[in-house]
Every structure is written in structure tokens, then in C-alpha cells.
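Accompanying notes for the structure given below.
Just so it is clear, the structure is predicted and the values come from calculations on it, not from any experiment.
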Amino acid sequence: MTRTPVGFGLLLLAACSGSTPQTTPAPASGPAAAPAAPRAGGQGGAAPVQPLWTRFDTASYVRKTAPTDPVIQRMHAEGMERGRAGQLAQVLLDSIGPRLTGSPGYHRASDWMTRMYTAWGIQAKQEQYGTWNSWRRGVSHIDLIEPRVRSLEGQMLGWSPGTGGKPVEGRVVVFPNVTTPEAFATWARASAKGAFVLMSAPNPSCRTSAQWDQYGQDGARETIDSTRRDWAAGWADRTKNGGNQYNWPAEYGVAGVISTNWSQYPGVNKIFGSWRQQVPTMETSCEDYNLLYRLADNNQGPKIRVTADAEMLGEQPMFNVIGQIRGSEKPNEYIVLSAHFDSWDGASGATDNGTGTITMMEAMRILKTVYPNPRHTILVGHWGGEEQGLNGSRAFVADNPAIVAGVRAGFNQDGGTGRVTSISPGPFSNAVPAMPRWLSEIPSEISGWIRVGGVGGPATGGTDHAAFQCAKAPVFGLGAVGWDYGNLTWHTNRDTYDKVVIEDLENNATLVAMLAYLADRDDSLGAPVAIMSLTNAQGVATPITYSCPTPSRKTSDSQR
């Protein structure tokens with residue numbers, strides 16, 4: 001998606017972003033139109049080759065009558081009438097909260113999931129895949145104290161140093177408009193010591209584009225958009241001359257740096273971070289950042305007081321949570337349920353990816369309750385370090401080649417809180433006929449939303465099914481209806497429990513349980529058949545190379 005803010009906030013975003021939204025619009029009635037394909041991101045790789053969306057007529061798989069399979073009937077009752085998705089989400093998102101990679105919250109969530117699975121009679125373990133720099137977020141507070149008093153909306157970015165348990169006051173200065181590194185050094189020696197430096201471009205308006213369209217005078221929206229682009233481009237030119245943005249603030253005795261990464265809605269910001277930060281690094285709202293910028297740019301003497309509590313806990317072991325219901329006939333073949341449970345920590349990590357985490361937990365609970373003796377082993381993976389490059393899932397794939405070779409089908413959810421509206425077989429041609437066949441057994445209130453894609457190239461980034469597809473293991477991504485995911489909740493300070501749509505969460509958990517059951521009993525699926533080339537509309541074939549990137553096993557391996 002377009003990211004207009006620049007400066008330090010943009011640099012952090014580029015370095016630290018995790019999966020981007022993977023959502024599709026709700027289908028219309030009648031034959032299903034091709035949805036927007038899942039978008040790439042995740043810094044887990046380059047953009048994936050998009051699937052060749054097939055216009056399956058929904059009449060071929062949406063039932064006209066109620067399901068007759070008694071297992072499907074019981075799963076529907078268990079998930080939709082006696083579901084626990086809402087209860088589980090409340091504990092994970094409200095009580096445990098955000099799960100920044102390596103943080104105490106991450107480990108609390110790992111312990112809690114393991115305990116829940118054990119209580120349900122599901123084998124579960126924490127499987128170490130590496131280490132990461134652990135950081136504890138404490139209270140942060142930012143106050144404008146001159147030329148007037150105002151408490152500002154903002155917080156530390158992840159892994160930011162704190163202020164040593166005491167308030168720090170300093171002038172606010174604008175990152176300089178210089179043209180050479182030498183000019184920057186001259187400015188920094190004269191103006192940066194003890195100051196808080198504004199590192200992002202200001203924004204000409206913190207109103208939404210929709211408001212400018214609805215209420216603005218003729219051409220107002222275009223003027224705002226043009227000004228925003230010009231300011232962003234100009235700021236990007238400034239920062240080229242500032243040296244390494246992680247080193248110079250400490251070198252020149254800066255009190256802290258302040259950025260903004262507006263998410264296109266009033267009061268909503270992206271909150272990222274980097275372990276390489278060396279001074280307190282604060283993110284402020286679009287509105288309050290602009291206030292500081294105007295005051296500093298007009299020489300009105302802004303001064304702020306920052307109190308930021310943070311604790312560096314050092315390199316700590318990192319774990320995936322792995323659960324399984326062992327197969328009764330083919331225990332060395334696997335149906336995989338997949339979701340990452342780490343998050344950024346600007347809010348609660350609710351829709352990225354608390355909802356995917358709960359979907360898979362609840363699906364496993366439904367399966368254990370209704371279908372406790374599957375033919376294949378049903379394995380669930382809750383991955384860590386997704387936001388730092390799919391590290392947990394990629395490490396699992398690298399460390400467990402026998403399991404990966406035995407995967408027959410799998411389902412990954414990382415598309416926010418919305419009900420599932422699309423599924424694609426990726427590069428696995430034998431899954432193309434299987435998906436409509438599975439959906440034809442599922443209640444129409446669930447399957448009627450879903451569009452089925454055709455074969456395409458393997459995902460190469462974005463989220464965790466890419467970690468499997470590169471190894472020719474058929475784990476499929478599930479796209480979802482948006483609920484304003486990209487701007488409102490994806491990696492933002494507003495990604496909280498209240499944004500979770502419980503009925504959609506129950507829908508998704510029930511769907512995943514049913515898909516796992518149907519894949520488990522589908523003898524025609526067999527071993528995966530991965531395509532080796534893609535042919536375009538002109539009949540030109542392009543070879544596909546299957547190659548899995550190496551995961552970062554420790555903090556120093558990462559460039560983020």
C-alpha cells in the first residue's frame with residue numbers, strides 16, 4: 001500500500017514492516033468474480049507471483065441444501081453455537097496484549113497457548129528456532145511545555161531506549177535542509193545536542209482523502225495530494241545527507257528523535273521499530289507532529305518533556321508453538337494450520353495477527369472435540385518473528401524437512417478480522433479441483449463468501465504460507481474481507497480488541513476446521529504436484545525456481 005510519510009518513520013517502516021494486508025472484497029451474488037489477489041509485504045521476500053484467478057461459478061460448490069455430513073454438522077454447531085473464539089481473543093488481546101518479537105508479552109502468549117492446548121488434550125510444545133533481542137515497553141509520555149502546555153499523543157517505537165526512568169526536557173528542532181554530509185555535520189554539532197529532532201515530513205492535512213472529496217472546493221483534494229507528494233519527496237532528499245540514522249543521534253548527543261507515520265485516518269499511526277535505535281525514538285500522531293513542526297519551523301521555541309520507561313533484556317531464546325493431533329492411519333503425513341502470533345506493539349496486535357492465532361486455536365479445539373482421530377496428523381504452527389521476515393516459519397521449514405515433505409494440505413490466516421473470501425492453490429495444480437470439492441461440503445453461509453483462485457506462482461513474501469510454498473509444501477493463504485484493515489488496524493496504534501468482528505472470527509475458525517477435516521479424508525489429493533513454469537496470455541512459459549530464503553536466527557542476522 002502507499003506509504004506517504006518519509007524521514008525516520010519511513011526508514012523504520014521500510015526496514016521493519018511485516019505482512020501487508022491480504023484482503024479481498026466481499027463477493028457479489030451469482031458467479032464469483034476474481035478478487036484482488038493477496039498483496040505482498042512482510043519483508044519476507046519480494047512480491048509473489050500473483051495467482052491466475054479462475055472464474056469458478058459459485059454454483060459449482062455453494063450448496064443449495066444443508067450439509068449432510070454429520071461431522072460437518074457437528075463442527076458447525078461447535079464453532080458457531082458453542083464457539084470460544086471471542087473468549088480466547090479477549091484473553092490474548094486484553095490480558096496478554098501485544099507480542100513484539102522477543103518481548104515478555106511474546107513469551108506470555110507462548111506459555112498461554114501451550115497451556116490451552118494441553119488443557120484441551122492436544123499435544124503442544126514450544127520449539128526454539130533462535131534468539132532475539134528482548135525489550136520491555138513501559139510507560140511513555142510526551143508533553144509540550146513551551147510555548148504552551150499540551151499532552152501529546154505518541155509513544156516509543158519498538159526497541160527504543162528509554163529515558164532512564166526520569167523525564168528529559170529539550171528543544172524541538174527540524175531535521176535540516178542541507179545538501180551535503182558535511183553541511184549536515186556542521187548543523188548537528190551546532191544544533192542537535194540535547195534537542196529532540198523531527199525526522200519525518202510534515203503533512204499538509206490530517207483529514208482523510210474522502211473528506212477532501214466530499215467537502216473540499218474544486219481541486220482541493222488534488223492540491224493536498226500534490227503538496228503531500230512534494231513535501232515527502234523533498235524530505236527524502238534531506239535525509240540522504242544525514243548519515244546513518246541509527247548512529248548520528250547518539251554521536252551528536254541528541255535527546256531523542258520524533259517521527260510520524262500516518263495511516264490515512266485521523267489519530268491512526270503505524271507503529272514499528274528497530275533494535276538498532278540508540279536514543280529515545282518517539283512516534284507522534286499526525287496532528288501533534290504537525291503542531292511541533294509548525295512551532296519549530298516558525299521559530300516559536302517549542303520544548304517538550306519526554307518520560308519513557310523501557311528495559312533492554314538482552315538476547316533471549318525464541319520459540320514457535322507447535323501443536324498436533326496425531327494421525328491414526330498416516331501419522332507421517334500432515335494437514336497444517338498456520339498463523340503467526342508475534343505482533344508490533346503499538347496497540348494489542350488484534351487483527352495482525354491475534355485473529356489468525358485465535359482462528360487456528362479454535363479450529364484445533366473444534367477438531368479435537370468433533371474429529372479427534374484424523375487419518376493424517378493435524379499440525380498447528382504458531383510462528384514467531386513473522387514481522388521480522390517470516391523467521392519462525394522459515395526456521396521450522398528448514399529444521400523439519402521430514403514434516404515439510406509430508407504436508408498434504410495447509411491453511412494460513414493473516415488477513416485481519418474479516419471472514420474468509422478467497423483461497424488459492426498457489427503453484428499446486430492438484431489442489432485446483434480439490435478446493436471446490438471441499439467447499440461443496442461446507443454450509444453455504446460460509447462457502448458463499450468464498451472465491452476460488454487458479455494455479456499461480458509460489459508466494460515469496462507477505463506471510464507464512466510463503467515459507468512452505470518455496471519448499472513445495474502446499475500451505476494455502478486465505479484472503480479476507482477488509483474491514484479497513486490496511487489503514488485502520490494493520491500495524492497501527494488502534495489494532496485493539498474492539499476491532500475484532502467475533503462472528504467473522506467464528507466463521508473462519510469453523511471454516512478452517514472443516515477444511516482440515518475434508519482435506520484429511522480426501523484420498524484423491526495425494527502428494528503435492530508443484531508446477532515448474534507459468535505460461536502467460538501470449539503462450540510464453542516462464543520457469544519457476546523454488547528456493548527458500550535463510551531465516552534470521554538472531555538479532556544481529558537482521559538488517560532491520
Using a 3.5 Å distance criterion without hydrogens, assess whether the side chain of [X] forms a donor-acceptor pair with backbone atoms of [Y].
X      : Y      : value
Asn133 : Thr555 : no
Asn508 : Gly418 : yes
Thr421 : Ile450 : no
Gln128 : Gly130 : yes
Glu362 : Gly79  : no
Arg84  : Gln87  : no
Thr377 : Pro331 : yes
His465 : Asn412 : no
Asp495 : Ala350 : yes
Asp484 : Asn487 : no

Measure the spacing between [atom1] of [X] and [atom2] of [Y] and express it to the nearest 0.5 Å.
X      : Y      : atom1 : atom2 : answer
Ile442 : Leu511 : CD1   : CG    : 5.0 Å
Ile378 : Leu337 : CD1   : CG    : 7.0 Å
Phe468 : Ile403 : CZ    : CD1   : 9.0 Å
Trp438 : Ile72  : CH2   : CD1   : 12.5 Å
Phe428 : Met435 : CZ    : CE    : 9.5 Å
Arg63  : Thr68  : CZ    : OG1   : 5.0 Å

[X] and [Y]: which non-hydrogen atoms are nearest, and at how many Å?
X      : Y      : answer
Pro433 : Asn430 : CD-O, 3.6 Å
Ala85  : Glu506 : CB-CG, 4.2 Å
Pro374 : Ile325 : CD-CG2, 3.6 Å
Tyr129 : Ala395 : CB-CB, 3.6 Å
Leu100 : Trp159 : CD1-CH2, 3.7 Å
Ser338 : Asp464 : OG-CB, 4.0 Å

### Query
Is the ring centre of Phe341 less than 6.0 Å from the ring centre of Trp383?
no
### Message
Between Phe272 and His491 (judged by ring centroids, cut-off 6.0 Å), do the two rings come close enough to count as a pair?
### Response
yes
#### Entry: Criterion salt bridge (charged side-chain N to carboxylate O under 4.0 Å, His left out) on Asp522 and Arg375, from CA distance to verdict
CA-CA 10 Å; Asp522 190 345; Arg375 299 172 63 226; over 6 Å; no
### Residues Glu503 and Arg419 bridged, charged N to O under 4.0 Å
no
### Query
If you measure from the Lys or Arg side-chain nitrogens to the Asp or Glu carboxylate oxygens, is any gap between Asp69 and Arg521 under 4.0 Å?
yes
For [X] and [Y], does a side-chain donor sit closer than 3.5 Å to a side-chain acceptor?
X      : Y      : value
Asp557 : Ser552 : no
Arg437 : Ser524 : yes
His107 : Gln126 : no

### Message
Could you walk me through whether Trp132 and Asn391 satisfy the side chain to side chain donor-acceptor pair (under 3.5 Å) test, starting with their C-alpha distance in whole Å, then the side-chain angles of each, then the deciding distance to 0.1 Å, before giving a yes or no?
### Response
CA-CA 11 Å; Trp132 208 260; Asn391 291 327; over 6 Å; no
### Task
Show your reasoning for whether side chain to side chain donor-acceptor pair (under 3.5 Å) applies to Ser558 and Gln388.
CA-CA 8 Å; Ser558 175; Gln388 286 68 52; over 6 Å; no
### Task
List the steps and the verdict of salt bridge (charged side-chain N to carboxylate O under 4.0 Å, His left out) for Glu386 and Arg99.
CA-CA 11 Å; Glu386 191 267 0; Arg99 302 160 303 280; over 6 Å; no
### Message
Ring-plane angle category for Tyr371 and Tyr517, please: parallel below 30°, perpendicular beyond 60°, tilted otherwise.
### Response
perpendicular
#### Entry: Option passing side-chain contact (heavy atoms from CB on, under 4.5 Å) with Asp352 (candidates Asp342, Asp414, Thr463, Thr489)
Asp414
### Query
Pick from Leu93, Ile502, Thr417: which one makes a side-chain contact (heavy atoms from CB on, under 4.5 Å) with Thr355?
Thr417
### Query
Name the one of Tyr106, Tyr117, Phe396 that satisfies ring-ring contact (aromatic ring centres under 6.0 Å, His included) with His382?
Tyr117
### Task
Starting from the C-alpha separation in whole Å, work towards a yes-or-no answer on side chain to side chain donor-acceptor pair (under 3.5 Å) for Thr492 and Lys270.
CA-CA 4 Å; Thr492 75; Lys270 306 295 186 189; over 6 Å; no
### Query
Would Thr131 and Glu315 satisfy side chain to side chain donor-acceptor pair (under 3.5 Å), going step by step from the backbone distance to the final call?
CA-CA 6 Å; Thr131 63; Glu315 199 85 356; 2.8 Å; yes
